[in-house]
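In each ligand, atom 1 is the first atom listed, and ligand 1 is the first ligand listed. Nothing here was measured: the structure is a model prediction, and the numbers come from that model.
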Amino acid sequence: MPTSFRFSNAGFNRFATVTRRLVTISQKQTSIMNLPPIPLVDLATQSQNIRDEVLQRMAEVINAGRYILGQEVAEFEGEFAAYCQVSHAIGVANGTDALHLALRALEIGPGDEVITVGNSFAATAFAIAYTGATTVFVDIDPVTYNIDPELVEQAITDKTRAIIPVHLYGQPAPMVEIMEIARRHQLFVVEDCAQSHGAEIDGRRCGSFGDFGCFSFYPGKNLGAFGDGGAIVTDKPELAEKVHLLRNYGQKVKNRHDLLGYNCRLDTLQACVLLTKMKHIESWTEQRRQVAAWYAEALADTDLELPQATPGMRHVYHLYVVRHPERDRLLKHLAERGIYGGVHYPNPLFRAAPFADSVTFPLELPICSRYANEILSLPMYPEMTQQDVERVAQAVREFSLVEAIER
Ligand SMILES: Cc1ncc(COP(=O)(O)O)c(C=O)c1O
């Protein structure tokens, strides 16, 4: 018998193991094909559960015809301020406006520099650009994906006026360190809380550290409206007063315009949705944290880099972001099995056309740049079951095996 047809024992065993695994995979794949898809977020299921109460509240608004700054907006503002552990919340039209109005209230403008991270959603830096100030993008901590306080300190110049830390993906940014830097350099701090409703550092809520906390209620957020919405929270009465004017044409009294304001009001019908959802935000947040715990267990033996929650911080898992060097192929593999991931965010903002004049510190932000090619967001929503999580993990393991065989 020619030697090329002979298997060594070790070779045969390896061949048998791989074949057995492939048969198991193809059997599982056949059954997976019949399963319902797992979306990145599932807004419909959650909406069904609160639909009747929302409609009841909306009917009252419609019957009374009070659509603009109705009493539901003030009621929601009171509840949301208490939730954020601050004295004031001002409802606005969206999270981008929240950031923009916060910077306007601090009178930031041309000639000023504002420091933020290079891996956030576009709106964070857009809000800075709207004021005419220069955006200074700094790199991130490689473990938490959040702003690196040491880089912030190094990036400060005599033009720096404010820092915008972003509590990205639901993990609080290092606010104690940031506030200490701000105090030493007399800088304002505007927290971007669009992804961090209910997140905490040692029991203190995100949004309550800085001069302002800015929230988005975009439908997919942890607290989401049935359309756009946002809020600014603060403990400073004089700043709250200014934002009240800014969101409504600079008017305290109708037709008296005390400053150049905008039309950025939170819609009363959206306040109805948010008031209803406030009753559930804590249980939904705990469910997200449970889903994250299931993921951590189920994915522990895979080659994904998993999110690391910082001790003492309450991560609220707006997104469950992992890393893999073959990110795009993994996303495709998952989608072929009815599992839909996403990328937050694939194109580093500091290279986008509107930021041609921005500053990066250090040059080209090496961690942000590398992670933009490696990060992917796995499905994450409060209604996900442990079986769903197990299905995602199984598909990830299968990907690693197929990759190993093809290598
Ligand atoms: C980090 C971050 N900042 C700001 C925003 C802007 O919020 P909005 O879409 O409500 O304007 C978002 C959300 O989209 C966000 O994720």
Phe121 heavy atoms, cut-off 4.0 Å: which ligand 1 atoms fall inside? 2 (C), 5 (C), 12 (C), 13 (C), 14 (O), 15 (C), 16 (O)
Compute the shortest N/O to N/O distance between Leu99 and ligand 1 and return yes if it is under 3.5 Å, no if not. no
May I ask you to decide if the ring planes of Tyr130 and His100 are parallel, tilted or perpendicular, using 30° and 60° as cut-offs? perpendicular
For Ala123, take its heavy atoms, then give the atoms of ligand 1 lying under 4.0 Å from any of them. 4 (C), 5 (C), 6 (C)
Numbering as shown, the atoms of ligand 1 that approach Asn94 to under 4.0 Å (heavy-atom distance): 10 (O), 11 (O)
Taking 4.0 Å as the limit for heavy-atom contacts, which would you say applies to Tyr345 with ligand 1: side chain only, backbone only, both, or neither? side chain
Within the structure, is a non-hydrogen atom of Tyr169 found at a distance of less than 4.0 Å from ligand 1? no
Counting from 1, what ligand 1 atoms have a heavy atom of Gln195 closer than 4.0 Å? 1 (C), 16 (O)
Indicate yes or no: does an N/O atom of Asp192 lie under 3.5 Å from an N/O atom of ligand 1? yes
Taking only heavy atoms of Thr124, which atoms of ligand 1 are found under 4.0 Å from at least one of them? 3 (N)
Quick one: is the NZ or CZ of Arg329 closer than 6.0 Å to the six-membered ring centre of Phe399, and within 45° of its axis? no
Audit row: Glu374, His324, side-chain hydrogen bond (donor to acceptor under 3.5 Å, both in side chains) steps and yes/no: CA-CA 5 Å; Glu374 295 181 354; His324 193 282; over 6 Å; no
Determine, for Arg184 against Glu177, whether the closest basic-nitrogen to carboxylate-oxygen distance falls under 4.0 angstrom. no
Heteroatom proximity flag, Ser216 to ligand 1, N/O under 3.5 Å: yes
So is His344 touching ligand 1 or not, going by heavy atoms under 4.0 Å? no
the protein heavy atom lying closest to atom 15 (C) of ligand 1 turns out to be Ala194 CB, 3.4 Å
What residue and atom, counting heavy atoms only, is the protein's closest point to atom 14 (O) of ligand 1, and at what distance? Lys221 NZ, 3.3 Å
Any side-chain donor paired with an acceptor under 3.5 Å for Glu383 and Gln287? no
Using 30° and 60° as the class limits, which term best fits the ring planes of Phe80 and Phe215: parallel, tilted or perpendicular? perpendicular
Once the angle between the rings of Phe121 and Tyr345 is folded into 0 to 90°, is it parallel (under 30°), tilted (30 to 60°) or perpendicular (over 60°)? tilted
Has ligand 1 got any nitrogen or oxygen that is less than 3.5 angstrom from a nitrogen or oxygen of Ser120? no
Pair Lys332 + Glu336: basic N to acidic O under 4.0 Å: yes
For the residue pair Phe355 and Phe126, does the interplanar ring angle fall in the parallel (under 30°), tilted (30 to 60°) or perpendicular (over 60°) class? tilted
For Arg183, is there an ion pair with Glu180 - N to carboxylate O distance below 4.0 angstrom? yes
Nearest protein heavy atom to atom 11 (O) of ligand 1, by residue and atom, and its distance? Thr96 OG1, 2.5 Å
